[in-house]
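Here it is, the structure in full.
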Amino acid sequence: MTLADISSNLLYVAFIAYLIATFVFGGAVKGNKEGTFKSEKRWGNVAIIITLIGFAANLGYFFTRWGATGHAPLSNMFEFTTAFGMTLVGGFVILYFLYRTPVLGMIVLPVALLIIAFASMFPSEVSPLIPALQTNWLAIHVSTVVIAEGILAISAAAGLIYLLKVVDLTKKSKQRFWLEAIMYSLVLVLGFVLASSFFSVTGYEAEFNYVDKEAKEAAITYTMPPIFGMNEYEALTDAAMTPLVETPAIVDAAKLTTVLWSVMVGTVLYWLIRLVFRKRIAAILKPFVKNVNLQLMDEIGYRAVIIGFPVFTLGALIFAMIWAQIAWSRFWGWDPKEVWALITWLFYAAYLHLRLGKGWQGEKSAWLAVIGFVIIMFNLVAVNLIIAGLHSYA
């Protein structure tokens with residue numbers, strides 16, 4: 001068995017452990033009907049032990065893959081996204097021992113599971129680094145970014161728990177609508193996993209030639225029926241479906257197709273859940289946050305941003321500019337990824353300004369934390385998958 005095989009198996013172990021721990025955390029919180037916290041603490045201890053086993057396996061995956069590839073496993077979408085899920089769980093483990101909050105695990109672990117499942121849909125083969133990545137700044141820049149985003153995601157999880165507790169789901173309101181929209185977006189990630197798995201199992205492939213944004217001919221293989229066609233495409237597979245819309249050269253139509261399939265499958269799944277439970281997803285989760293300490297959730301969310309923001313500043317801006325100078329001989333080039341890194345940084349700077357200067361605490365702070373995570377996910381999914389740029393090597 002090779003190091004790469006061991007690495008893959010460890011990731012499976014981590015995934016299964018996180019899945020089991022999610023249910024145990026949920027049971028711990030749900031079983032605390034009288035608010036005595038005795039049963040919650042007992043089952044919370046069991047859940048955190050399972051989480052630690054999973055996290056140890058996750059770390060094992062990371063370092064064995066590092067050994068297999070010969071470089072920090074942060075060079076493509078599969079590696080970056082799995083590392084994102086790992087840092088998210090790592091941040092939760094630290095917070096659990098500080099605050100003993102099983103309800104946070106009930107939210108964080110499913111999100112980490114979705115992120116790892118999302119990662120598993122990308123090619124995971126060990127491949128040599130492209131020239132732009134052959135520098136130690138790959139590990140320095142990307143690792144600090146992924147750690148920062150894992151910490152900031154903890155802030156969003158605490159914010160989401162806060163909102164599930166305070167938003168009145170029995171009355172029609174903007175808060176109720178947007179809270180459900182967040183749940184819907186999480187189901188869309190699951191839709192991506194299901195759609196990718198289905199077409200992978202069926203072995204769907206369709207090849208096309210197209211003209212890229214440099215006006216050069218290139219080839220691409222779709223792994224899902226092409227809804228969007230690449231710029232000036234020409235089908236090479238006879239039985240392939242004809243794309244419905246041709247996109248400009250700046251858009252990666254194959255990845256945009258993947259996103260649309262994910263939205264369609266996720267939407268069907270969302271309404272199936274609504275049909276089975278006969279209530280909104282937020283309403284399904286609300287009983288689990290009955291005994292939540294709102295002040296504690298507010299503090300966790302704030303402290304996560306206080307820690308995550310400077311780390312993100314180092315990784316996504318300062319270290320990124322140093323790497324850009326080495327790779328492309330310029331510090332800043334307004335590449336789509338660079339633009340959205342700046343937007344993310346400005347958002348969290350505004351969060352801290354509003355929190356510290358304007359007194360935006362409690363519900364307002366929770367909404368900002370959740371919006372911040374939406375921006376991070378947009379940067380990860382939409383900017384990486386749809387918009388062609390210098391970071392499109394994944």
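These numbers were taken from a predicted model, which means no experiment stands behind them. Sequence positions, counted from 1, serve as the residue numbers for this chain.
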- request: Sort out for me which residue in Y351, Y348, F347, W345 forms a ring-ring contact (aromatic ring centres under 6.0 Å, His included) with F309.
  value: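 Going through Y351, Y348, F347, W345 one by one, the ring-ring contact (aromatic ring centres under 6.0 Å, His included) with F309 is satisfied by W345 alone.
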- request: Apply the ring-ring contact (aromatic ring centres under 6.0 Å, His included) test between W261 and each candidate in F199, Y204, Y222, F192; give the one that qualifies.
  value: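 Exactly one option meets the ring-ring contact (aromatic ring centres under 6.0 Å, His included) with W261, and it is F199.
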- prompt: Below 4.5 Å, heavy atoms only, C-beta onward: do P73 and W66 meet side chain to side chain?
  reply: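 The answer is yes; the side chains approach within 4.5 Å.
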- request: Determine yes or no for a side-chain-to-main-chain donor-acceptor pair under 3.5 angstrom, with E79 supplying the side chain and S75 the backbone.
  value: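 Checked: pair present.
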- prompt: Side-chain contact, heavy-atom cut-off 4.5 Å: T87 with E149?
  reply: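 The answer is no, as the side chains (C-beta and beyond) never meet within the 4.5 Å cut-off.
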query: Would you call the rings of F208 and Y233 parallel, tilted or perpendicular if under 30° counts as parallel and over 60° as perpendicular?
result: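 Answer is perpendicular, since the angle exceeds 60°.
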field: D168 bridged to K286 by N-O distance under 4.0 Å
entry: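 Not counted as a salt bridge, because no side-chain N and carboxylate O are separated by less than 4.0 Å.
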message: Tell me whether W43 at atom CH2 has more than 12 heavy atoms from other residues, nucleotides or ligands lying less than 6.0 Å away.
response: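 No.
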- prompt: Under the criterion ring-ring contact (aromatic ring centres under 6.0 Å, His included), which of F319, F80, W323 is the partner of H141?
  reply: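 Looking at F319, F80, W323, the match for H141 under the ring-ring contact (aromatic ring centres under 6.0 Å, His included) is W323.
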query: Relative to W360, does K364 satisfy both conditions: NZ or CZ under 6.0 angstrom from the six-membered ring centre, and within 45 degrees of the ring's axis?
result: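 Because its charged atom sits under 6.0 Å from the ring centre and within 45° of the axis, K364 does stack over W360.
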message: Using a 3.5 Å distance criterion without hydrogens, assess whether the side chain of Q325 forms a donor-acceptor pair with backbone atoms of I322.
response: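 The answer is no, because no donor-acceptor pair under 3.5 Å joins these two groups.
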- prompt: After noting the C-alpha distance and the side-chain angles of L269 and L190, does the key distance pass the side-chain contact (heavy atoms from CB on, under 4.5 Å) rule?
  reply: CA-CA 9 Å; L269 182 61; L190 188 56; 3.4 Å; yes
- prompt: Can you find a heavy atom in the side chain of M183 that is under 4.5 Å from one in the side chain of L164?
  reply: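 Yes. Closest side-chain heavy atoms under 4.5 Å.
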message: Strictly below 4.0 Å, N to O, side chains only: are E180 and K172 in salt-bridge contact?
response: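 K172 and E180: not salt-bridged.
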task: Tell me, yes or no, whether the heavy-atom count around Q295 atom CD, taken from other residues, nucleotides or ligands under 6.0 Å, exceeds 12.
output: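 12 or below, so no.
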message: So if I apply the side chain to side chain contact (heavy atoms under 4.5 Å, CB included) rule between S155 and each of V305, L368, I307, which one comes out positive?
response: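 With S155 as partner, side chain to side chain contact (heavy atoms under 4.5 Å, CB included) holds for just one option, V305.
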- request: First locate atom CZ of F84, then atom CD1 of I376, and finally report the distance between them rounded to the nearest 0.5 Å.
  value: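 The CD1 atom of I376 is 5.5 Å from CZ of F84, to the nearest 0.5 Å.
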From T101 atom OG1 to L296 atom CG, the distance as rounded to the nearest 0.5 Å: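 The distance works out to 6.5 Å.
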- request: Report the distance from atom NZ of K171 to atom CZ of R176, rounding to the nearest 0.5 Å.
  value: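 CZ of R176 is found 11.5 Å from NZ of K171.
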